[in-house]
**Q** 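One structure, as structure tokens, below. Some questions next.
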Amino acid sequence: ESVAHILSDSGKREFTSGRTGTLTITDEQQNNITKIITNLSNAITTPNLSTEDSRIFIPDRGDIINALDFAADVFIQDDDEIVGIELKSVRPNSGEMRGEKEKILNGKAALYRKYPGKNIKFFIGFPFDPTSSCDNQTQCDKSQFMHSIINLNKFFSQEEVLLSSELWDYLS
């Protein structure tokens, strides 16, 4: 995490009741997040970043509610864009991907409301690829890696995952 902060000239940001305060989303955003997670869990749909974003990046309609507490291990902010990256171990616990996806969707929805007009991106990042058979650990086969993590393919599209050199290049 500290290397990621140095490379990106950023830091960790927590949006929790104990830190900067819980952010808010609309009940319509929350309902859409619940539908996305349910459909992914039941294999009714497959991960699709643009479709998911179109369901959570919506104008305020309905009641305003508290978003789930979340943190971005890497939080990058500039004039046009907000980027959050959740850094993970290359061997996450079984069943963790559903919760990560839900947290990221809630985080994106809340950041969309907090920073109107900015492009919001949120990634899940892995520092290296343990499935790589080559000596150079910056090389990777993202598809192979994603198949090696339980439910990663079920909840995340490849464009939401930064792996190995892709992560480090993005941060620098």
**Q** Step by step, work out the side-chain hydrogen bond (donor to acceptor under 3.5 Å, both in side chains) result for S148 and Q144.
**A** CA-CA 6 Å; S148 77; Q144 177 180 314; over 6 Å; no
**Q** Go through the steps for T26 and D60 under the test side-chain contact (heavy atoms from CB on, under 4.5 Å), then give the verdict.
**A** CA-CA 6 Å; T26 66; D60 284 356; 3.4 Å; yes
**Q** Please report the interatomic distance CD1(I37) to OG1(T34), rounded to the nearest 0.5 Å.
**A**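 That separation rounds to 8.0 Å.
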**Q** Report the relative orientation of the aromatic rings in Y112 and F57; use parallel for angles under 30°, tilted for 30 to 60°, perpendicular for over 60°.
**A**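 Plane angle under 30°, so parallel.
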**Q** Can you list the steps and then say if F123 with V83 is a side-chain contact (heavy atoms from CB on, under 4.5 Å)?
**A** CA-CA 8 Å; F123 300 97; V83 176; 4.0 Å; yes
**Q** Out of curiosity, K142 NZ to F126 CZ, how far, rounded to the nearest 0.5 Å?
**A**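 Separation between the atoms: 10.0 Å.
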**Q** Taking all heavy atoms of A109 and all of I33, pick out the closest pair and write down the distance.
**A**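 So the minimum-distance heavy-atom pair works out to CB-CD1, 4.1 Å.
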**Q** Can you hop from W168 to I76 via hydrophobic side chains spaced under 4.5 Å?
**A**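 Yes; tracing contacts between hydrophobic side chains, which count when under 4.5 Å, links both residues.
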**Q** Do the side chains of F156 and M97 get nearer than 4.5 Å, heavy atoms only?
**A**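 Counting from C-beta outward, M97 and F156 do come under 4.5 Å.
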**Q** Side-chain heavy atoms under 4.5 angstrom apart, residues restricted to Ile, Leu, Val, Met, Phe, Trp, Tyr: same cluster for V161 and F122?
**A**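 Cluster IDs for V161 and F122 match.
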**Q** To check you understand the geometry: which heavy-atom pair defines the closest contact between A71 and E14, and what is its length?
**A**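 For A71 versus E14, the nearest heavy atoms are CB-CG, 3.8 Å.
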**Q** Could you give the distance from CG (L152) to CG (L163), rounded to the nearest 0.5 Å?
**A**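 Output value for this atom pair is 9.5 Å.
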**Q** Is the shortest side-chain heavy-atom distance between I25 and I65 below 4.5 Å?
**A**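 The answer is yes; the side chains approach within 4.5 Å.
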**Q** From I149 CD1 over to H147 NE2, what is the distance, rounded to the nearest 0.5 angstrom?
**A**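 Rounded to the nearest 0.5 Å, the CD1-NE2 separation comes out at 12.0 Å.
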**Q** Give a yes or no on whether I56 and L68 share a hydrophobic cluster (residues Ile, Leu, Val, Met, Phe, Trp, Tyr; joining criterion: side-chain heavy atoms under 4.5 Å apart).
**A**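 No, because I56 and L68 fall into different hydrophobic clusters, even though each may have its own neighbours under 4.5 Å.
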**Q** For S41, run the side-chain hydrogen bond (donor to acceptor under 3.5 Å, both in side chains) check against R98, K154, K101 and tell me which one passes.
**A**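 So the option named by the test is R98.
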**Q** Determine whether L111 and F15 make a side-chain contact, defined as any pair of heavy atoms from C-beta on separated by less than 4.5 Å.
**A**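 Yes; the side chains approach each other to less than 4.5 Å.
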**Q** Might you point out which heavy atoms bring E160 and S157 nearest each other, and give the distance in Å?
**A**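 Looking at all heavy atoms of both residues, the shortest contact is OE1-N, 2.8 Å.
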**Q** Any non-hydrogen side-chain atom of T45 less than 4.5 Å from a side-chain atom of T51?
**A**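 With C-beta onward as the side chain, the pair stays apart.
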**Q** So, E52 and K108, do they make that salt bridge, N to O below 4.0 Å?
**A**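 Salt bridge absent between E52 and K108.
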**Q** Working to the nearest 0.5 angstrom, can you tell me the gap between Q29 CD and N31 CG?
**A**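 Reported value, rounded in 0.5 Å steps: 10.5 Å.
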**Q** Give the cluster check for L23 versus L105: same hydrophobic cluster or not, with ILVMFWY residues linked at side-chain heavy-atom distances below 4.5 Å.
**A**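 Same cluster.
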**Q** Take atom NZ in K114; do more than 12 heavy atoms of anything else shown fall under 6.0 Å from it?
**A**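 Incorrect, the count does not exceed 12.
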**Q** List the steps, then state whether side-chain contact (heavy atoms from CB on, under 4.5 Å) holds for I120 with I82.
**A** CA-CA 5 Å; I120 308 296; I82 301 292; 3.7 Å; yes
**Q** Are D141 and T131 side-chain neighbours, meaning at least one heavy-atom pair lies under 4.5 Å?
**A**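 No; the side chains remain at least 4.5 Å from each other.
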**Q** Less than 4.5 Å apart, any side-chain heavy atom of L87 and any of P127?
**A**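 Of all side-chain heavy-atom pairs linking P127 with L87, none is under 4.5 Å.
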**Q** If only atom types and distance count, is the side chain of D27 paired as donor or acceptor with the main-chain N or O of G62 below 3.5 Å?
**A**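 Judged by distance alone, no pair lies under 3.5 Å.
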**Q** Check step by step if side-chain contact (heavy atoms from CB on, under 4.5 Å) holds for Y170 and K121.
**A** CA-CA 12 Å; Y170 190 90; K121 296 180 182 176; 4.0 Å; yes
**Q** Under 4.5 Å between any side-chain heavy atoms of L171 and L162, yes or no?
**A**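 No, every pair of side-chain atoms sits at 4.5 Å or beyond.
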**Q** Looking only at non-hydrogen atoms, find the nearest pair between A72 and G84 and report the distance.
**A**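 Looks like CB-CA, 4.0 Å.
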**Q** How many angstroms lie between atom CD1 of I44 and atom CG of N39, to the nearest 0.5 angstrom?
**A**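 Going from the CD1 atom of I44 to the CG atom of N39 covers 4.5 Å.
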**Q** Same cluster for Y115 and F70 if Ile/Leu/Val/Met/Phe/Trp/Tyr side chains link at under 4.5 Å?
**A**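 Yes.
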**Q** Checking N48 against T46 for the side-chain hydrogen bond (donor to acceptor under 3.5 Å, both in side chains) test, could you report, in this order, the C-alpha distance in whole Å, the side-chain angles of both residues, the deciding distance, and whether it holds?
**A** CA-CA 6 Å; N48 184 305; T46 58; over 6 Å; no
